[in-house]
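First up is the structure itself, then whatever we jot down about it.
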Amino acid sequence: MKVINSADEMQKTAESIRLQGKRIGFVPTMGYLHEGHLSLMRIARKQCDTLVCSIFVNPTQFGPDEDLDRYPRDFDRDERFCREENVDIVFYPSAKEMYPSGFSTYVLVENLGRKLCGISRPTHFRGVTTIVAKLFNLVKPHVAVFGQKDAQQFLILKRMVRDLNFDVDLMMGPIIREKDGLAMSSRNRYLTGRQREQATVLYKSLCTAEEMIAGGEKKAETILEKVKTVITSAPDARIDYVELVDPGNLEPLTVIGDSYLIAVAVYFDKTRLIDNILKTD
Ligand code: PAF
């Protein structure tokens, strides 16, 4: 396994892999890897000859009051996980390498980025699309794999790839959960014992929604009310949003159809957790 720190070297290496006729699979991450990331690597591995994983805590996707400084980092641990998953190249650039002095170009997907998480995190998706566009230019993947936990991110990246004609296929891996249903996330480690116990309400609320839908409930308002009730049964949970939307345009649905996204974002003190159910026809 090779570790590359330089953007220039990453791009040249990707060019030469492509010239050999090999397929590049890519899993971009912010490190502090967990089973969720590893599952994406396994999906990508099956699609490619050379598997590249990037580890970069991207400053432009954090707001001024967010957790950039305290975001967990442990490169030695991440490197070990990558080795175990047979990753061929770990791209591990510094912030200076990715954002050289005078950096002033951003990629913005209008509209989709202003909904759901974009309301409380107004500059987040601009940071995500900018870094992913840069990573695509450096890693030159044939296929890139992202997790469903960040469903809005996936939909926005799909739109960016379509609108800007990036020559890459995007795949989405399922949400990987702890035994009690909490979606795996690097941010779970911020939770205190008491918050961790209560955090299962996100998944419970989504299971309740699924049961209601399976039982024939179609009214979004009724489903959302119940989801909110389950979440607020946890005394420390503070809802950021609970939405039922069309996954094509993220516009609210009043009645459940063949495809829908039920997305929740909940604060436990400063820690913000997200989860969702996505159904596409
Ligand atoms: O999903 C993430 O971990 C990040 O948003 C990504 C895609 C690696 C961009 O920094």
Side-chain angles (χ1 to χ4, degrees), residues 4 7 10 24-41 43-44 51-63 66-75 77-78 81-82 85 87 89-95 97-99 103 106-109 112-113 116-118 120-139 141 143-161 164 166 168-176 183-190 263 265 271-276 278:
I4 296 180
M10 183 65 247
I24 302 176
F26 181 40
V27 179
T29 81
M30 297 210 298
Y32 213 73
L33 303 177
H34 52 65
E35 200 51 43
H37 299 109
L38 307 188
S39 73
L40 303 181
M41 291 177 195
I43 293 171
L51 176 57
V52 181
C53 169
S54 64
I55 296 177
F56 180 63
V57 182
N58 173 35
T60 62
Q61 67 189 76
F62 289 79
E66 292 182 354
D67 55 346
L68 173 63
D69 292 337
R70 68 172 188 142
Y71 196 85
R73 294 160 170 92
D74 186 342
F75 183 69
R77 182 176 163 279
D78 289 343
F81 277 130
C82 288
E85 291 304 321
V87 169
I89 298 172
V90 175
F91 180 44
Y92 180 51
S94 65
E97 189 71 14
M98 295 307 273
Y99 295 107
F103 184 93
Y106 291 88
V107 177
L108 179 66
V109 174
L112 292 181
L116 305 181
C117 291
S120 58
R121 307 186 73 193
T123 56
H124 172 67
F125 289 112
R126 184 184 79 149
V128 171
T129 42
T130 301
I131 196 67
V132 172
K134 281 173 67 71
L135 289 166
F136 282 174
N137 284 333
L138 298 175
V139 175
V143 58
V145 187
F146 298 84
Q148 186 200 312
K149 189 172 75 67
D150 297 295
Q152 184 180 11
Q153 166 173 284
F154 185 79
L155 299 167
I156 288 172
L157 289 172
K158 270 233 150 319
R159 184 64 61 88
M160 174 187 88
V161 161
L164 299 183
F166 277 93
V168 55
D169 289 331
L170 300 194
M171 291 179 69
M172 185 167 70
I175 298 177
I176 305 297
M184 286 194 187
S185 162
S186 308
R187 290 192 165 100
N188 291 350
R189 78 188 292 268
Y190 300 149
T271 305
R272 185 172 173 281
L273 302 179
I274 55 172
D275 203 345
N276 67 76
L278 176 62

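These numbers come from a predicted model, not from an experiment. When a ligand or atom number is given, it counts from 1 through the structure's own listing order.
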In ligand 1, which numbered atoms sit nearer than 4.0 Å to a non-hydrogen atom of [X]?
| X | result |
| --- | --- |
| Q153 | 1 (O), 2 (C), 4 (C), 5 (O), 7 (C) |
| I131 | 9 (C), 10 (O) |
| Q61 | 4 (C), 5 (O), 9 (C), 10 (O) |

Distance-minimising heavy-atom pair for [X] and [Y]:
| X | Y | value |
| --- | --- | --- |
| L40 | G147 | CD1-N, 3.7 Å |
| T60 | G127 | OG1-CA, 3.3 Å |
| V87 | V90 | CG1-CG2, 4.1 Å |

Whether the Y32 and R189 side chains hold a donor-acceptor pair (N or O, under 3.5 Å, no angle test) is what I'd like checked.
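Yes.
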At what distance is the nearest protein heavy atom to atom 3 (O) of ligand 1, and which residue and atom is it?
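Ranked first by proximity to atom 3 (O) of ligand 1 is M30 CG, 3.7 Å.
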